[in-house]
Participant: 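Submitted below is the structure of interest, expressed as structure tokens.
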Amino acid sequence: MMEITIGTISLNIFALLLTILIGFYTYFKWCFKYWKTRGVPHVEPTFPFGSLKNPAVGAKSFGEQCKDFYTTFKAKGHKHVGIYMFAAPIYIPIDIELIKNIIQKDFDHFVDRGVFYNETDDPLSAHLFAIEGAKWRNLRVKFTPTFTSGKMKMMFPILIECGRQLKEAMDIATGKNEPIDIKDFAARFTTNVIGSCAFGLEFNCFEEAESNFIKYGKRFFVPKGIELLKDFIGFAKPSLARRLRMCLTPKEVEEFFMKIIKESVNYRETKNFERKDFMQLLIDIRNSVKDDKENGIGLTFEELAAQAFVFFVAGYETSSTTMTFCLLELACNPAIQQKVREEIKEVLEKYNGEMCYDALAEMKYMGQVIDETLRKYPPLMFLNRKCVDPYRIPGTNIVLEQETPVIIPILGIQRDPEYFPDPEKFDPDRFNEENRNKIIPFSYLPFGEGPRICIGLRFGIMQTKVGLTVLLRNYKFSFNNKTKIPLKMDPFSFSMAVDGDIWLNAKKNIENY
Ligand code: HEM
């Protein structure tokens, strides 16, 4: 009798699961007609991943797959392509004019990124990168003066100190005559810089085997288990994730950052202490908003914390990735490396050997090398936009519906031989004074474009230049037999990231100046 009951229950559960599966399958099949009925060329979807490869079999990252969609459909002469992420349709423009319209000319139709944020259940997610509409416009206007060259100069002493710590740590590591995990060094350096500027805390990540900032910063970017699924839902259907009251910031990450930001704000407010950094600028904005009774939209502690957090996550990973790929390419191209080193020598001699803001601005060739690194390895491999107002695609009868997610495939565009001949070649001369003017507008987008362009662009370049100046002035980099070439990219990362460590030899530069 007992056996029959268990058997019946199992059968019922099986029948229920089968019904759910058939329900899902039928729903997905229905969704998969979306692009066909609208006459948009599309990648044939399969259940359940849509146009994407099964992430469990370790295919390619989302950004790399978007590059492949771009390349394949451009080769067929298409101006755009529709894909499905699970059941959710996503629009990918290919034609450069179309891209320009979306991110600049017709920006009012695409003001939002459409990425997940949830002010109530996940306060750290409600930052400038994610928030939408009027709230974004208001905050963007308030934050723009925070990133002027004057403010960058003001923060420069913090960067000098972080550069000193980087050199000290490299001296110790190279003294052991062992290869350097350059990805780890770059991450520690930029974490020191951004951590110090965004949270107002002086700390030295090089002194601890695993600093909490590195630990929780990495933790934020490397989702585990069920978090991966939550991230995919948050990416494909942010409104659903919000309705389900999801929190995509891991709890321990939220607790850690909320605590240190609270301590930093309290300390300054109670002790009347001021420091020249982003945190101070955020506190000043908060106070001026409080006083501005007529136009003030208020900046709660949670909102302030979310902005400090985004400066950290948007600023440390992007610049450390840039430094890492740059050093890797320089190790592979010793002549280019030497040319940068000679420029550093020549410029710093004019400034009595002192690194300063104006000296960095004079390092034009280093600027070209960074530009080329950002072309070949854009830290964000794609831009997101969401259609907020129905949009007829120029020259067609196709109308993008409100809420349609749009992806601009930066990696595909920047490795397109039509815009950058021989795209796999690392060639900083593409960005010299003569060639720079020949670059087709909107074919080079490492910082995005239009009103939602990266607000931290200047700061990102500045900290990358400081790191490279310190390293290339004092060391020569070359491949080690632990350097894994060709690079294997992390298939689970939404940003440009190598799977595992990157080892290089760093030899002291004996012609040190
Ligand atoms: C090499 C360094 C960096 C790269 C390559 C980079 C790249 C980008 C890109 C591609 C976007 C999206 C732009 C768009 O959608 O059109 C973006 C947005 C943003 N970035 Fe950066 N970034 C860098 C450094 C920084 C730094 C240092 C900060 C802050 C200190 C920062 C803060 C932001 C913020 C807040 C946004 C959102 C802007 C908005 O929506 O109004 N970034 N970044």
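In each ligand, atom 1 is the first atom listed, and ligand 1 is the first ligand listed.
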Participant: Considering heavy atoms of the protein only, find what lies nearest to atom 22 (N) of ligand 1 and give residue, atom and distance to 0.1 Å.
Facilitator: Cys454 SG, 3.1 Å

Participant: In terms of the angle between their ring planes, are Phe494 and Phe62 parallel, tilted or perpendicular, with boundaries placed at 30° and 60°?
Facilitator: perpendicular

Participant: What do we get for Glu449 next to ligand 1 when only non-hydrogen atoms under 4.0 Å count, side chain, backbone, both or neither?
Facilitator: backbone

Participant: For ligand 1, note which part of Leu380 has a heavy atom under 4.0 Å away: side chain, backbone, both or neither.
Facilitator: side chain

Participant: Do any nitrogen or oxygen atoms of Thr464 lie less than 3.5 angstrom from nitrogen or oxygen atoms of ligand 1?
Facilitator: no

Participant: Identify the protein heavy atom lying closest to atom 35 (C) of ligand 1, giving its residue, its atom name and the separation to 0.1 Å.
Facilitator: Ile455 CG2, 3.6 Å

Participant: Does ligand 1 have an atom that lies less than 4.0 angstrom from a heavy atom of Phe312?
Facilitator: no

Participant: What I want to know is whether Trp136 and ligand 1 share at least one N or O pair that is separated by under 3.5 angstrom.
Facilitator: yes

Participant: What residue and heavy atom of the protein are closest to atom 28 (C) of ligand 1, and at what distance?
Facilitator: Gly456 CA, 3.6 Å

Participant: Just heavy atoms, cut-off under 4.0 Å: does Arg140 contact ligand 1 by side chain, backbone, both, or neither?
Facilitator: side chain

Participant: Of all the atoms in ligand 1, which lie at a distance below 4.0 Å from a heavy atom belonging to Ala314?
Facilitator: 24 (C), 25 (C), 31 (C), 32 (C), 33 (C), 42 (N)

Participant: Ring centres of Phe257 and Phe220 under 6.0 Å apart?
Facilitator: no

Participant: Is a donor on one side and an acceptor on the other found under 3.5 Å between the side chain of Gln463 and the backbone of Gly315?
Facilitator: yes

Participant: Pro379 heavy atoms, cut-off 4.0 Å: which ligand 1 atoms fall inside?
Facilitator: 5 (C)

